[in-house]
Amino acid sequence: MNRALEVLQARGFIQQCTDLEGLSTLMDQGPITLYEGCDPTGPSLHIGHMVPYFAIRHLHESGHNVIVLMGGGTARIGDPSGKTTMRQIISYEEIDANAARFLKQLDRFLTFDGKTLYSANNKDWLANLNYIDFLRDIGRHFSVNRMLSFEAYKMRLETGLSFIEFNYQLLQSYDYLQLYKRHGCRLQIGGDDQWGNIVAGIELIRRVEGAECFGLTFPLVTTSDGKKMGKTEKGALFLDPGMTSPYDFFQYWRNVQDADVERFLLMFTFLPIEEIKELAKGKDAQINAAKERLAWEVTALIHGTDEADKALQAAKAAFGGGGDAEQIPSISLDEDRLAKGIGILDLFVEAGLADTKSEARRLVQQGGASVNGMKVVGENAIIDATYHKDGAIMLKAGKKRICRAVVKK
RNA sequence: GGGGAGAUUCCCGAGUGGUCAAAGGGGGCAGACUGUAAAUCUGUUGGCUUACGCCUUCGAAGGUUCAAAUCCUUCUCUCCCCA
């Protein structure tokens, strides 16, 4: 098989391919152009979006050309694939702002050179489509009977599917056709939930242009206990440091299950495969160390090595392995205020370790709150300047949530 | 257009006038055990409160009643059947 595809396969990226042999042959003949599309429906990319981009880095490094497509047009419609409810309609301004943010985040991760790797936005050809022309030229190639048989719609046929969403597949297919015509794009990649849309695009190109194109999907990554990967209690694992701090991001990977370490190292880092196998084969202390490596590597890729180092130092300090306490997430505390004393419950809420005072109270009552490593015994405890240690007070909720209250003059 | 079913706390889902801040499960949080893992066990899970208690919540708005998630009226939305 083609080298580039072999790499993807060995790292667990390949879920389905329309014609793996044919694609392999094509890629052996020379660089191809491929694309991956993503609808900017939120303010930040999250780790679930990143699987295709990791694959793109591998493919780009193997010499292939990549179009990173922003679904500025399709986001106006909303993809019903795999969704149980209709997507919220978002404003055009919001979509454009999201797309700009997505590209900025990707710019750190991919090397956009404008020639072998560049972006496009499908609103350029979708926004001003003429409805009648579109139906005559494109719509006639789609069989409603066939569309209804797609797995992606099955669920929605139960709960309801509006016409706007039902059109989504036509638009994504049209994207592929446009990118084929404009850039000679021969391969579309994406998450496995995109399978139906990708296949539809390939068929459209075959009918309209008589050309053979390909599709390749990646597994929807789940954790070994069956949850969607990258979901935290607070929501998705975002790339935006303001939405998910590098420390929290690091901790997510630091705490993955043993069974997921190898898989995640393969997909979310660029460490050599042999090294990964070596790292992940251990048990107990070794597998635990491998998680630390995983966390550092992924954080470095997304937030840079400086942030990864800081997060690692903070984690070590928080969990008693030395490290640098300065890097632990912190809030600042006014010195005068501290001198007067602050109720323990208020302090925990302020530090973000509890959402409400009730929750903070519960935490204290259940013995989960500690100050400077000492368990808080009463919910009426007052924290004042005497708790001050090297200019900061260490607050901990449970074993893992920690915050440093830095005293400010 | 006609007929029927439904909307409950983060999710699923019980609850048909007071004992309901509302069973049970899931999820979350905390404790024990550990390796910052998993599994298991225990506690907890609307807000404010030291507490008595007070406030907000059962699709929306009104009404009946000493008292409503529960009864009545109107409205909104969802699903099913018939045309």
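Chain naming here is simple, since letters A, B, ... match the order of the sequence lines and numbering starts at 1 in each. All values below come from the heavy atoms of this structure, side chains included, with hydrogens, waters and symmetry mates left out. What you are looking at is a predicted structure, and each value in this text was computed from that prediction instead of being measured.
- Rounded to whole Å, the C1' atom of B/rU78 lies 24 Å from the corresponding atom of B/rC71.
- A/Ile344 has its CD1 atom 14 Å from the P atom of B/rU50, to the nearest Å.
- The residue among A/Asp258 and A/Leu363 whose nearest nucleotide of RNA chain B is located toward the 5' end is A/Leu363.
- B/rU56 makes up no base pair with any nucleotide shown, lacking Watson-Crick or G-U wobble contacts both under 3.5 Å.
- In the model, A/Gln169 has no side-chain atom that pairs as donor or acceptor with a side-chain atom of A/Asp79 under 3.5 Å.
- When both distances must be under 3.5 Å, the Watson-Crick or G-U wobble mate of B/rU70 does not exist.
- If you run salt bridge (charged side-chain N to carboxylate O under 4.0 Å, His left out) between A/Asp346 and each of A/Arg361, A/Lys357, A/Lys340, only A/Lys357 comes through.
- Pair check for B/rU40 finds B/rA32; Watson-Crick or G-U wobble, both atom distances under 3.5 Å.
- Nucleotides B/rG17 and B/rC12 place their P atoms 26 Å apart, quoted to the nearest Å.
- Across all strands, A/Val256 comes closer than 4.0 Å only to sugar-phosphate atoms, never to a base (heavy-atom distances).
- Judged by atom type and distance alone, A/Gln366 reaches the base of B/rG43 through a side-chain donor-acceptor pair under 3.5 Å.
- Rounded to a whole Å, the CZ atom of A/Phe264 is 13 Å from the P atom of B/rA38.
- Taking the ring centre of A/Phe109 as origin, the terminal cationic atom of A/Arg57 falls inside the region bounded by 6.0 Å and 45° from the ring axis.
- One atom, CD of A/Glu359, and another, P of B/rA30, lie 9 Å apart when rounded to the nearest Å.
- Remark: the backbone N or O of A/Phe238 is not paired with any side-chain donor or acceptor of A/Ser44 at under 3.5 angstrom.
- In this structure, B/rC77 forms a base pair with B/rG6, meeting either the Watson-Crick or the G-U wobble geometry with both donor-acceptor distances under 3.5 Å.
- Across all strands shown, B/rG1 forms a Watson-Crick or G-U wobble pair with B/rC82, both key distances being under 3.5 Å.
- Nucleic acid contact class of A/Ala369 (heavy atoms, under 4.0 Å, all strands): none.
- A sub-4.0 Å separation between OP1 or OP2 of B/rG31 and a side-chain N or O of A/Lys400 is absent.
- Among the protein residues, A/Lys283 comes within range of no part of the nucleic acid, since none of its heavy atoms lies under 4.0 Å from any strand.
- In this model, the phosphate group of B/rA32 is approached by a side-chain N or O of A/Lys399 to a distance below 4.0 Å at OP1 or OP2.
- Rounded to whole angstrom, the span from the CG atom of A/Asp355 across to the P atom of B/rG47 amounts to 9 Å.
- A sub-4.0 Å separation between OP1 or OP2 of B/rG47 and a side-chain N or O of A/Arg362 is present.
- On the P atoms, B/rG46 is 27 Å away from B/rA67, given to the nearest whole Å.
- Among the protein residues, A/Gln251 comes within range of the nucleic acid bases, having at least one heavy atom under 4.0 Å from a base atom.
- Here B/rG31 presents its C1' atom at 15 Å from NZ of A/Lys396, a figure rounded to the nearest Å.
- Rounded to a whole Å, the CZ atom of A/Arg293 is 23 Å from the P atom of B/rG35.
- Ring geometry for A/Phe54 versus A/Phe270: interplanar angle under 30°, hence parallel rather than tilted (30 to 60°).
- Spacing between B/rU65 and B/rA60 at atom P, rounded to whole Å, works out to 23 Å.
- Look at the P atom in both B/rC10 and B/rG47: the space between them is 10 Å, to the nearest Å.
- Across B/rA23 and B/rA69, the matching P atoms stand 15 Å from one another, rounded to whole Å.
- At whole-Å resolution of the value, CD1 in A/Ile287 and C1' in B/rU34 are 15 Å apart.
- Comparing the same atom, C1', in B/rA39 and in B/rA32 gives a spacing of 14 Å after rounding to whole Å.
- Between B/rG47 and A/Lys357, no contact under 4.0 Å exists linking OP1 or OP2 to a side-chain N or O.
- Residues A/Glu350 and A/Arg337 are paired through a salt bridge, judged by an N-O separation under 4.0 Å between the basic side chain and the carboxylate.
- A/Arg401 has no side-chain polar atom (N or O) that falls below the 4.0 Å cut-off from OP1 or OP2 of B/rC29.
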Q: Given side-chain hydrogen bond (donor to acceptor under 3.5 Å, both in side chains), test A/Gln188 with A/Gln172 step by step and report yes or no.
A: CA-CA 11 Å; A/Gln188 180 181 178; A/Gln172 186 166 330; 3.0 Å; yes
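- Here the C1' atom of nucleotide B/rA51 and the CG atom of A/Asn380 are 11 Å apart, to the nearest Å.
- Remark: the separation of the C1' atoms in B/rU40 and B/rC58 is 35 Å, to the nearest Å.
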